[in-house]
Amino acid sequence: MPAAHPSRLHQVDIELADRSYPIVIGHGLLRDAATWAGVPAAAQAMVVTNATVAPLYAGPLVQGLRTLHRSVHVVTLPDGEEHKNWQTLNLIFDELLRNACDRQTVLYALGGGVVGDMTGFAAASYMRGVPFVQVPTTLLAQVDSSVGGKTGINHPLGKNMIGAFYQPRRVVCDLDTLATLPQREFSAGLAEVIKYGPIADMEFLAWLEGNIERLMARETSALAHAVGRSCEIKAGVVARDEREGGLRAILNFGHTFGHAIEAGLGYGQWLHGEAVGCGMVLALDLSRRLGLVDGAFVERLVRLLERAGLPAVAPSLGVDRYLELMRVDKKAQGGEINFVVIDKPGSAAVRTAPQAVVREVIERGCRPA
Ligand code: NAD
Ligand code: GLY
């Protein structure tokens, strides 16, 4: 990891009454003891990470935590979405119990969204709840999954179907960690960054169009702005609707189609962000067919996704298969599929759509087999 001088570039506060917390964005944050001041100073801590991230960043993090906790254990999970399940979750509990960790123990999720979601769920349930901190190391995790308290694991019959809302005490986005992220993973994270434009902030979308090459080159100031603005938008939505009674569902723009792509191809074939990118194009085309936006907006999104190194055309799974898979979506109610549509540029809404229109979107929008 580059030995950057520690510097905080940005802080976003997420306002949730007694569960409010800061999202800190900067450089060289992991090994800097100042980063962790304010986290409960429990005697024990456990860093949960995976086999890819541990050799890169567990050392600096443990070093940074040394003055705060008397002992810092590290548990290294297998890497991959296919391990986001009960068996892997149990490895965390095994380690906590083996080390006689008490109910003050602080868990640190060091890794991407898979590690973050699992560690959060472990923290929500170990001894009925222990504090945890998100230390996201993928772009996707820094701009989305580490913020807002959705935690959980997959079930063989559905993604993220078992879980809890449980907020971290702080989120620490060390931009230096993004230097080692494979390009495909970086692009997948950009899909979630791009998402915030159409749903909430057209100015941000225009900024992304003007700066996508700088982002692809991982330029510091561009990264800091993209991560900071994404976190601000997400924090604003979560503060208004923490448990997804309504508004928060707009953060799932592109995800109804996207989840169908992931499940239909088999998890791991396409990355989550890749599927969400194509899903956004389909959801925007649905919005166009419902008369909410024009075709130029759809084209604009397609161009930006392509410049971000993402596929913009969804794979063909067959219309009936898409519909079947989308009915398993958490937003579905009574068998009716709910879609996040763009009701005007920079604003999203959740609604159903006539099946004939949805069929047309899928038929026209997917690459023939
Ligand atoms: P991931 O956690 O699988 O990480 C992607 C890959 O990058 C992994 O192989 C990982 O080991 C590796 N990696 C992580 N950091 C690295 C680094 N700095 N350098 C090199 N390699 C690194 O995937 P992800 O895209 O971060 O997260 C996807 C998961 O997040 C999915 O399970 C999805 O369901 C979940 N998610 C949750 C939320 C939420 O609100 N909780 C939101 C979006 C997505
Ligand atoms: N990623 C969607 C949400 O956090 O609600």
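Here, residue 1 is the first one in the sequence, and each next residue gets the next number. We count ligands from 1, going down the list as the structure has it; atoms in each ligand are counted the same way.
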**Message:** Out of the candidates T52, T177, T180, T49, only one should pair with Y57 under the side-chain hydrogen bond (donor to acceptor under 3.5 Å, both in side chains) rule; please name it.
**Reply:** T180
**Prompt:** So which heavy atom in the protein is nearest atom 4 (O) of ligand 2, and how far is it from that ligand atom?
**Reply:** K234 NZ, 2.6 Å
**Prompt:** What part of D144, side chain, backbone, both or neither, has a heavy atom within less than 4.0 angstrom of ligand 2?
**Reply:** side chain
**Asked** Could you state the interatomic distance from CG (L251) to CG (D144), rounded to the nearest 0.5 Å?
**Response** 7.0 Å
**Request:** Would you give the length of the straight line joining atom CG of L325 to atom CD1 of I261, rounded to the nearest 0.5 angstrom?
**Result:** 10.0 Å
**Message:** Please report whether ligand 2 has a polar contact with H255, defined as an N or O pair separated by less than 3.5 Å (distance criterion only).
**Reply:** no
**Request:** Flag R248 as yes when one of its N or O atoms lies below 3.5 Å from any N or O atom of ligand 2, and as no otherwise.
**Result:** yes
**Prompt:** What residues, two or more places apart in sequence or in another chain, satisfy salt bridge (Lys or Arg N to Asp or Glu O under 4.0 Å) together with E185?
**Reply:** none
**Asked** Which residue and non-hydrogen atom of the protein lie closest to atom 2 (C) of ligand 2, and at what distance in Å?
**Response** N252 OD1, 3.6 Å
**Request:** Apply the side chain to side chain contact (heavy atoms under 4.5 Å, CB included) test between V24 and each candidate in V12, L29, D174; give the one that qualifies.
**Result:** L29
**Message:** Over 60° means perpendicular and under 30° means parallel, so tell me whether W86 and F121 are parallel, tilted or perpendicular.
**Reply:** tilted
**Complete:** For L251, the atoms of ligand 2 under 4.0 Å from one of its heavy atoms are 2 (C), 3 (C), 5 (O)
Could you go through ligand 1 and list every pair where one of its N or O atoms sits under 3.5 Å from a protein N or O, giving the atom names and the distance to one decimal?
unit_1: ligand 1; atom_1: 2 (O); unit_2: G113; atom_2: N; d: 3.1
unit_1: ligand 1; atom_1: 2 (O); unit_2: V114; atom_2: N; d: 3.0
unit_1: ligand 1; atom_1: 9 (O); unit_2: D79; atom_2: OD1; d: 3.1
unit_1: ligand 1; atom_1: 9 (O); unit_2: D79; atom_2: OD2; d: 2.8
unit_1: ligand 1; atom_1: 11 (O); unit_2: N50; atom_2: ND2; d: 2.9
unit_1: ligand 1; atom_1: 11 (O); unit_2: D79; atom_2: OD1; d: 3.1
unit_1: ligand 1; atom_1: 11 (O); unit_2: D79; atom_2: OD2; d: 2.8
unit_1: ligand 1; atom_1: 15 (N); unit_2: T137; atom_2: O; d: 3.3
unit_1: ligand 1; atom_1: 15 (N); unit_2: T137; atom_2: OG1; d: 2.7
unit_1: ligand 1; atom_1: 18 (N); unit_2: T137; atom_2: O; d: 3.0
unit_1: ligand 1; atom_1: 18 (N); unit_2: T177; atom_2: O; d: 2.9
unit_1: ligand 1; atom_1: 18 (N); unit_2: T180; atom_2: OG1; d: 3.4
unit_1: ligand 1; atom_1: 19 (N); unit_2: T180; atom_2: O; d: 3.4
unit_1: ligand 1; atom_1: 19 (N); unit_2: T180; atom_2: OG1; d: 2.7
unit_1: ligand 1; atom_1: 26 (O); unit_2: G113; atom_2: N; d: 2.8
unit_1: ligand 1; atom_1: 26 (O); unit_2: T138; atom_2: OG1; d: 2.6
unit_1: ligand 1; atom_1: 27 (O); unit_2: G113; atom_2: N; d: 3.2
unit_1: ligand 1; atom_1: 32 (O); unit_2: E81; atom_2: OE1; d: 2.7
unit_1: ligand 1; atom_1: 32 (O); unit_2: E81; atom_2: OE2; d: 3.2
unit_1: ligand 1; atom_1: 32 (O); unit_2: K84; atom_2: NZ; d: 2.8
unit_1: ligand 1; atom_1: 34 (O); unit_2: K84; atom_2: NZ; d: 3.2
unit_1: ligand 1; atom_1: 34 (O); unit_2: K159; atom_2: NZ; d: 2.9
unit_1: ligand 1; atom_1: 34 (O); unit_2: N160; atom_2: ND2; d: 3.0
unit_1: ligand 1; atom_1: 41 (N); unit_2: D117; atom_2: OD1; d: 2.9
unit_1: ligand 1; atom_1: 41 (N); unit_2: S145; atom_2: O; d: 3.4
unit_1: ligand 1; atom_1: 41 (N); unit_2: K150; atom_2: O; d: 2.9

**Message:** Does anything in residues 196-216 form a side chain to side chain donor-acceptor pair (under 3.5 Å)? List the pairs, not counting sequence neighbours.
**Reply:** D201-R229, E209-R300, N211-R214, E213-R307, R214-E219, R214-S221
**Message:** Would you call the rings of H259 and H272 parallel, tilted or perpendicular, taking 30° and 60° as the class edges?
**Reply:** tilted
**Prompt:** Of all residues at least two apart in sequence or in a different chain, which pass the side chain to side chain contact (heavy atoms under 4.5 Å, CB included) check with A51?
**Reply:** T76
